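Worksheet: one structure, shown below.
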Amino acid sequence: MIDKHTLEEHGITQEEYQEIKNLIQREPNLTELGIFSLMWSEHCSYKSSKVHLKKFPTSGKNVIQGPGENAGVIDIGDGLAAVFKIESHNHPSFIEPYQGAATGVGGILRDIFTMGARPIATLDSLRFGPLSHPKNKSVMEGVVSGIAGYGNSIGVPTVGGETYFDPCYSLNPLVNVFCLGLAKKENIFYARAEGKGNPVLYVGSKTGRDGIHGATMASSEFGEDLEEKRPNVQVGDPFKEKLLLEACLEVMEKKLVLGIQDMGAAGLTCSTTEMAANSGTGIEIDLDLIPQREKGMTPYEIMLSESQERMLIVAKKEKIKQVQKVFERWDLDAVIIGKVTDTQNLKVFAKGQAVVDLPVSAVVHLCPAYQRETKPHSPTQTAVCSSDVPLPEEYESIFLQMVRSPGLANKKWIFRQYDHMIQTNTAVLPGADAAVIRIKDTQKALAISLDGNSLYTYVDPRTGGKIAVAEACRNLSCLGAQPLGVTNCLNFGNPEKPEIMWQFKEAVEGIAQACRAFQIPVTGGNVSFYNETEGASVDPTPVLGVVGLINNVDTLISPEFKEAGDCIVLLGETKEELGASEYLKQIHSKKCGPVPEIDLEIEKRVQKLCREAISQGILQSAHDLSEGGLAHCLAECCVLRKTPIGCQIQLDQQIRTDALLFGETCSRILVSLKNKDKDALFALAKKASVPFAIIGKTGGKNIFVRHFGETIWDIPVQKVYSLWNNSIPDTFHVK
Amino acid sequence: MKVRVLVSFKESVLDPQGQAVKNALLTLGYDFIEDVRQGKIFELELKDMSREKIEEMIPEISHKVLSNPIIEKFEWEVID
Amino acid sequence: MKVRVLVSFKESVLDPQGQAVKNALLTLGYDFIEDVRQGKIFELELKDMSREKIEEMIPEISHKVLSNPIIEKFEWEVID
Amino acid sequence: MRFGVVVFPGSNCDHDTLYALRDVTNQESFFLWHKEHDLKDADCIVLPGGFSYGDYLRSGAIARFSPLMQQVKEFALSGGLVLGICNGFQVLLELGLLPGAMLRNKNLKFLCQYVPIRIENTETPFTNRGKPGQVLHIPIAHFDGNYYTDPENLKKIHQNQQVVFRYANPDGSLSSAANVNGSMDSIAGLLNEQKNVMGMMPHPERASDLLLGSTDGQIIFESIIHYLKNDR
Ligand SMILES: Nc1ncnc2c1ncn2[C@@H]1O[C@H](COP(=O)(O)OP(=O)(O)O)[C@@H](O)[C@H]1O
Ligand SMILES: [Mg+2]
């Protein structure tokens, strides 16, 4: 009855099917096949990536929970834990930008509160095609309002993120959402189904025919049949999720439940089998008891549905009444749909018949892992040498063109649609290097940065991977935060193509190496493959989310210049590096390398110096140098201030002026400080063996830059501000 | 000339707004309510144009602009 | 039984959403559009009830719940 | 003083508001659950921001039918102090305790940002600690904050000095650019005729801590306390 066509539809290969038959010693029925197809999909099984992800360092003295649960957990002292994770919702966001992005937020929030943590911040990493195309504009508009619509309504601040534009994302935008939660250390919950006979509860929205095959969709390329796949998009209900959030946190706070798991991708199938597999138990459920939104749903449909805002809970029998009372208070049903067994099987009944009987370990753990072929992919690694790039005749217009390019321009149009202040903890608002969330009743704060430069990873995935980690950590260090842990979302093309697999392997190795150097554990993440449409793949895009700790929130500083007359110092050394820069891409239309070199030891020293200087209170501001180099960093330091302020810069370094201004040499931070504090900083820098240069002072109405006495530009800061500030709104015709 | 386009979620798609209204009405004691679905309505005022042109253009803009065919359906009528 | 309630802004109230849709349509070249007003539609599925009861209840809930009489007006019809 | 913060399903500024009143302003403050019927002897009722019942129908439209809101209405009609913040303002409008209605922001986008607002009337229980014309910096965060009322009502509102706050420039001047959401006459905060009920779109509870950027919201809470102690 299960023929070749059926297998293809379920994305299961002949070999995998053979393996399934071996494992269960018979032919599966269609519902069972559906279950395997979900759980053995790339999205759930990580079959192509597993062998590589093993390279990440995952332990450390603060790690409470590493990869393997809904989210990672890090001890932050005071009996508290930071719970965080990042997820992609790329495909749904292209098909239906608003709902796709909204349900992406809903999904990652559930991952966090499932662990017993209250979500305290989300960040989003977005990549679109160029805004010159109306379709890209409407995708961006939809995605941003979808994230806003869900996050604002549920009351979790969206405090930061990143947004890039490149033609490779035109048919395949990337929407990655990160969420951070705060939990009491002794009150973390896991996806467990323990204790034979304990009831299994279903809570939340009713099940409909939503997103059937969603997980398998996320695991295959887009093709001509897009239309057909469309109905798989779900509509989110943030109100329901808010109720679910409050009720779940309440039953966990009261310790009324034993285990809990959200029904995200792969819904009931994933939650039942994973909870049982994690505990070495079995689960038995009766589909007739599942709250259903639509009539006549088959067991196949119910098991595979990806309806949103649902959770599965296991509780002790004697606590059931109390659990149900809490949910009732929040106008939610908590229905008993089955029980924990000791069979290690998932057994599903419908109308009195057993319709599924599968060993959970086969479903959850025994999907084959593939060591896929890799083949170096380096068409553009052919380095440009400086002589290929003509020196510009003048710099003013280049500077302004950079400042107003959507990738570098002010993202306020985006983040003012997000409620980024709710919960009254946002100590650093969007726009800075990282977001900072203070923790009430302590002196502490958590800082978060999302980072990924796909131009680098396109040219050189390994170095690009390293730089992504370094930059995310540098962002935290600029606010004085010590990096504690990492999560990552790896967005790549089709892993069955050796070039893509090579990019993946290289990027993972680079990330792993950097994490080891910084001694920050990877506590979780997500892999999104098949980001291609009609054969064209996105640039390899790893997005790193790093969480750091600030011990004394009063020492916090921000990136913008503070007052006139302050001394401006560049920490780190500038090399003549133009490869893979935003400047080459924007001004010379070159997307080629080499990427800047990175020495992780130097990077660590620079960051440590910055954190130390901040904790000693000798810095007025600190801002890291990244896309757009020194020129853009300076511009931001001037215009991020409530009323923009100018500066006078004098550069005396013997390298090409464009490399000096727009090159993206790593491991550099621009700081400003009161003149009286100069000596203290220099002493620290010398002790840390970090090169530094006094490059100018703050003040005036212009951004004035000279190189060896020659004026490079002298532009009113107000003009820079307008171009930077209005660029994106003007694209959307919003006044 | 006036045309009315009604846009609503397809039957199989969750309609949280309709559900919220339904619950509110039931709580208020309107127990004769079985179900509620909420949608959008657009009233388009048109320049004078032929019936054929309307028959051609209205479905086009309803499909392309006013609704998202992935999750929504539409119907339309001339009202004036 | 099915009833449809249409809720829309009163003429005197500016409808920025309708304006945005109008602008979008004009930008796309649909130059036969004179004006657009956007509103809401509720499809109520009712338990069996008498015509009189419907005549009494639907205006009541439309006035009290489904619309805000300060800015909105409504009309309704039985469709099924 | 005793502050009761009402919690509807979907309220999401309830904890922030309680924190600002209890932990920053040091007042006895507690939640009031929407399904209950008891105001627990509160001196002032605060309706916090959020998306009550998802706000799927209209902002605040369903919350007004909550059992507790009948008590709140009676309390207000008998002179009790009621403050509605953001969604709370919208609920008060739907409930008819304040005149007018909210339309979608003029740019059709959710807006979250600090805004300068000018105090129009300091002779109120909610602003007596402020100075006439003083500009406060307080964040807004809403989709439907574009205040509307018919011309006749507008006239009445002004005559009766019911306008408490208006969106302004940092120097206190008014302009259409400063009127971020398009509100009629830049109205950001409004009283009822008896002046014991106020709705405001900006969130004073978010401006209660210098670390977060402003403490201007405290003026409102302190005014309430001052009024309750001295003028009641
Ligand atoms: N890039 C990655 N790095 C480290 N761990 C990862 C990565 N991708 C996925 N993981 C881990 O694999 C596990 C399964 O991931 P996922 O299927 O995304 O979780 P969920 O079931 O919560 O959706 C998670 O614990 C996740 O943290
Ligand atoms: Mg999960």
Side-chain angles (χ1 to χ4, degrees), chain B residues 1-9 11 15 17-67 72-77 79-80, chain C residues 1-9 11 15 17-67 72-77 79-80:
Chain B
M1 216 167 305
K2 224 177 194 165
V3 167
R4 199 177 252 173
V5 181
L6 307 180
V7 176
S8 55
F9 282 135
E11 295 307 329
D15 172 19
Q17 320 181 51
Q19 289 305 301
V21 174
K22 174 182 159 188
N23 290 339
L25 290 173
L26 290 178
T27 315
L28 289 173
Y30 298 109
D31 55 7
F32 51 83
I33 300 285
E34 286 267 347
D35 200 14
V36 180
R37 306 276 299 173
Q38 186 174 334
K40 282 183 268 190
I41 163 175
F42 299 92
E43 278 186 15
L44 310 177
E45 182 77 52
L46 309 179
K47 298 206 172 114
D48 254 352
M49 56 198 280
S50 68
R51 185 74 205 191
E52 291 91 72
K53 187 95 189 283
I54 293 186
E55 300 268 357
E56 185 198 332
M57 297 315 291
I58 300 303
E60 179 178 318
I61 63 177
S62 300
H63 185 87
K64 265 179 66 178
V65 185
L66 303 181
S67 77
E72 292 169 327
K73 59 184 177 11
F74 68 89
E75 52 188 277
W76 66 278
E77 55 178 342
I79 51 168
D80 220 10
Chain C
M1 218 168 303
K2 226 175 192 163
V3 167
R4 202 176 249 172
V5 181
L6 305 180
V7 175
S8 54
F9 285 127
E11 297 306 328
D15 169 22
Q17 267 160 308
Q19 288 306 301
V21 174
K22 174 182 160 188
N23 292 339
L25 289 171
L26 291 178
T27 313
L28 289 171
Y30 298 108
D31 55 8
F32 50 84
I33 300 286
E34 287 267 345
D35 200 12
V36 180
R37 306 276 298 173
Q38 187 175 331
K40 282 183 262 192
I41 164 175
F42 300 89
E43 275 185 16
L44 310 178
E45 181 79 51
L46 308 179
K47 296 208 172 114
D48 254 351
M49 55 199 278
S50 68
R51 186 74 205 192
E52 292 89 72
K53 186 97 188 283
I54 293 185
E55 300 269 357
E56 183 199 334
M57 298 314 292
I58 299 303
E60 178 178 321
I61 63 178
S62 300
H63 185 85
K64 252 183 76 177
V65 184
L66 301 181
S67 74
E72 291 167 328
K73 60 186 177 12
F74 68 89
E75 51 188 280
W76 66 277
E77 55 177 341
I79 54 169
D80 217 11

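First the proteins, then the strands, lettered A, B, ... as listed; each starts at 1. Since the structure is predicted, the reported quantities are computational estimates derived from the model, not experimental observations.
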* Asked: For B/I41 and C/V7, what are the C-alpha separation, side-chain angles and deciding distance, and is it a side chain to side chain contact (heavy atoms under 4.5 Å, CB included)?
  -> CA-CA 9 Å; B/I41 163 175; C/V7 175; over 6 Å; no

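Atom-to-atom distance recorded for C/K40:NZ and B/K40:NZ is 12.0 Å, nearest 0.5 angstrom. Taken to the nearest 0.5 Å, the OG atom of C/S8 stands 13.0 Å off from the CZ atom of B/F42. Rounded to the nearest 0.5 angstrom, C/K22 NZ and B/E45 CD are separated by 10.0 Å.
In terms of heavy-atom pairs under 4.5 Å with chain B, the best-connected choice from C/L6, C/V65, C/D48 is C/L6. Of the residues considered (C/E43, C/K53, C/K2), C/E43 shows the highest number of contacts with chain B, using heavy-atom pairs under 4.5 Å. Of the listed residues (C/R37, C/E60, C/Q17, C/M49), the greatest number of heavy-atom pairs within a distance under 4.5 Å of chain B belongs to C/R37.
Only the side chain of C/K64 comes within less than 4.5 Å of a heavy atom of chain B; its backbone N, CA, C and O stay farther away. Of the two parts of B/V21, only the side chain, counted from C-beta on, holds a non-hydrogen atom closer than 4.5 Å to a non-hydrogen atom of chain C. Contact annotation for C/L44: both backbone and side-chain heavy atoms come within less than 4.5 Å of a heavy atom of chain B. With a 4.5 angstrom heavy-atom cutoff, B/L25 touches chain C only via side-chain atoms.
Judged by distance alone, with hydrogens and angles left aside, the side-chain atoms of C/K47 form a donor-acceptor pair with the main-chain N or O of B/D31 at under 3.5 Å.
Taking the charged nitrogens against the carboxylate oxygens, C/E75 and B/R4 do have a contact shorter than 4.0 Å, which makes a salt bridge.
Within the 4.5 Å cutoff, no side-chain heavy atoms of B/L28 are placed close to those of C/I61.
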